[in-house]
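Take a look at the structure set out below.
In the text below, chain A, chain B and the rest are named by the order of the sequence lines, each starting its count at 1.
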Amino acid sequence: MTIAQIIFIIIAAASLGAAFMVVSSRNLIHSALWLIVALAGIAIVFVFLQAPFLAVVQVVVYIGAISILLIFAIMLTRKVASDSGPKFNENWIWGLVLSIILFIGFVYLLYTWPGISTPIEPLASRADPLRELGVALVSPNGYVLAFELASILLLAALIGAIYIAWERK
Amino acid sequence: MTDPINLIANWLRQIFAGWGLSVGLVDFIMALTGVVVICAFVLVVDIFLVWVERKVVARFQDRLGPNRLGPFGLIQPLADVIKLLIKEDITPAGADKVIYNLAPIIALATVLLLWAVIPFAPTILGADINVGVLFLVAVGAIGTLGIIMAGWASNNKYALLGAFRTVAQVIAYEIPMVMILLIPVLLARSMSLQDIVAAQNVWFILLAPIASLIFLVSAIAELGRAPFDLMEAESEIVAGFHIEYTGMKFGLFYAGELLHTLTMGALFATFFLGGWRGPFVEQVPILGVFYLFIKAFFLYWVIMWVKYTVPRIRIDHMLDFNWKFLTPLSLVMVIVTSIMDKILGQPGSAIYTLGMLAANIIIAWLVLLVLRNYVKVERRLVGEPKSVATPYLYESPHS
């Protein structure tokens with residue numbers, strides 16, 4: 001076992017454990033903080049997959065923006081950020097069955113996929129993956145349509161927010 | 001002999017290889033050693049910063065500052081550290097213990113993380129990653145988290161209010177900062193900090209003076225230093241998010257704040273003042289560390305100068321200044337810089353430099369013109385005689 005594998009196992013176990021704590025913690029703030037640990041674990045997995053851009057964006061967007069928004073929402077909406085009710089409702093058995101089926105499906109898919117057993121090839125050192133990603137986002141042969149659509153969607157959301165917040169005189 | 005750090009690193013590498021360790025393990029040990037060396041170096045500088053801060057503020061306030069312990073009071077910070085270490089360690093009742101104790105560690109660790117990508121010299125740097133600039137933004141986001149955790153876990157209203165203020169301010173000022181960081185990236189054609197420094201045959205402060213000023217202002221706001229120290233406004237919320245912290249836990253926040261200031265100075269130097277560049281640095285790489293720290297300390301001094309000169313601004317002014325002035329201006333700067341870049345061709349020529357500088361001067365002039373008219377209107381509105389009987393200021397908007 002190489003050092004990289006050991007680190008991967010530790011990170012994966014930490015992310016899974018944190019993800020479990022997100023749904024099982026009684027305190028909502030603790031849940032949000034565990035969610036951050038889980039997301040940070042995913043970011044480290046991206047680093048191991050030689051995708052530093054995705055790793056950093058994962059941290060900026062999910063930890064820097066979404067988690068802080070979540071924490072704020074919790075702090076502003078609840079007087080006591082803890083839950084005293086039962087942890088399970090009557091549908092827990094169906095949830096368990098569905099998730100086991102889903103898990104088996106994923107394992108089967110990955111098992112039959114040929115890429116699972118081939119080791120990853122290191123990227124060509126000359127190529128700058130970041131530059132290629134940037135070009136692909138704005139080239140007509142790449143993802144320019146999706147990119148522009150997402151931009152328009154965000155712009156519409158911005159204008160909508162300004163319209164709602166506008167103080168009519 | 002010109003590059004002692006890499007000399008020692010190679011020597012250690014050979015020793016480890018001689019012991020028959022695998023290449024992966026040697027890389028791992030060397031990386032770990034590098035982390036420890038950079039953290040230790042930066043933290044030792046941090047102790048010295050306490051002295052610099054106290055001495056300079058004393059000079060700004062026409063005092064002498066610490067001068068009893070050692071020459072020029074140089075031993076004073078060590079005494080401060082010992083004092084912090086032996087103070088009683090208090091955890092308030094009702095505090096969320098784990099988060100409460102984790103928060104100061106995160107606050108200091110995120111500042112140390114920033115040093116991972118800052119190039120010290122042509123051959124001495126932690127990691128040359130191709131998303132360096134985004135990495136800085138990401139780490140800054142985690143730093144905000146430490147402050148929220150401190151404010152929430154302290155179980156104190158003032159702490160929570162301070163944390164709310166901090167987050168409102170830091171998130172708001174992150175927008176012009178990230179936007180303005182696009183300009184050095186655009187000029188250097190790379191997001192790696194080492195490439196940005198290498199591209200600065202002409203310092204970027206000449207190509208983008210407005211951008212450098214916006215970066216400095218938003219850096220001061222991110223640091224929460226005066227005039228943006230609303231998060232620890234003593235007269236309103238006592239000390240803000242670190243009100244409940246004592247001893248070394250407070251010390252970690254304090255050290256984090258001082259070190260963050262120096263880090264912002266180093267980042268300013270890296271983005272706009274050529275980082276480690278200076279005379280003879282190509283032959284003697286170790287000089288780069290010296291140049292970088294000279295520039296970083298100069299910026300540290302500028303930030304202190306601002307801190308001890310300007311009074312605290314009001315919270316609505318702070319937000320207005322960001323959203324109505326810095327953000328639009330940084331958007332304009334990014335657009336203008338990219339258009340000018342297309343027109344002027346390859347960076348490095350004299351025409352390129354002069355063109356960029358001229359564009360910046362024209363925009364600065366236009367901004368000042370607009371601001372002057374705005375201020376004129378504001379002054380007139382404030383100066384107009386108001387009849388006392390109609391307090392329209394307090395009128396309900398729905399009537």
Would you compute the distance between atom CD1 of A:Ile74 and atom CH2 of B:Trp152 and round it to the nearest 0.5 angstrom?
9.0 Å

Minimum heavy-atom distance between A:Arg131 and B:Arg189, given as atom pair plus value:
NH2-O, 3.1 Å

Within-4.5 Å side-chain heavy-atom neighbours: A:Pro52 and B:Ile129:
no

Side-chain donor/acceptor pairs under 3.5 Å, residues 139-164 of chain A, sequence neighbours excluded:
from: A:Ser139; atom 1: OG; to: A:Gly142; atom 2: N; distance (Å): 3.1
from: A:Ser151; atom 1: OG; to: A:Phe147; atom 2: O; distance (Å): 2.7

Inter-chain contacts: residues 135-143 of chain B against chain A, heavy atoms under 4.5 Å
B:Phe135, B:Val137, B:Ala138, B:Ala141, B:Ile142

Option in B:Leu160, B:Asp27, B:Leu145 with maximal non-hydrogen atom pairs under 4.5 Å from chain A:
B:Leu145

Between NE2 of A:His30 and CG of B:Asp96, what distance do you get to the nearest 0.5 Å?
3.0 Å

Part of B:Leu134 within contact of chain A (heavy atom distance under 4.5 Å)
both

Return yes when atom OH of A:Tyr62 has more than 12 non-hydrogen atoms of other residues, nucleotides or ligands closer than 6.0 Å, and no otherwise.
no

Quick check: are there more than 12 heavy atoms from other residues, nucleotides or ligands sitting under 6.0 Å from OH of B:Tyr158?
no

In terms of heavy-atom contacts, does CZ of A:Phe8 have more than 12 from other residues, nucleotides or ligands at under 6.0 Å?
no

In Å and rounded to the nearest 0.5 Å, what is the CG to CG distance from B:Leu102 to A:Leu33?
8.5 Å

Per the salt bridge (Lys or Arg N to Asp or Glu O under 4.0 Å) rule, what does the pair list look like for residues 163-184 of chain B, sequence neighbours excluded?
B:Arg165-B:Glu236

Neighbourhood of chain B inside residues 34-44 of chain A, taking heavy atoms under 4.5 Å as contact:
A:Ile36

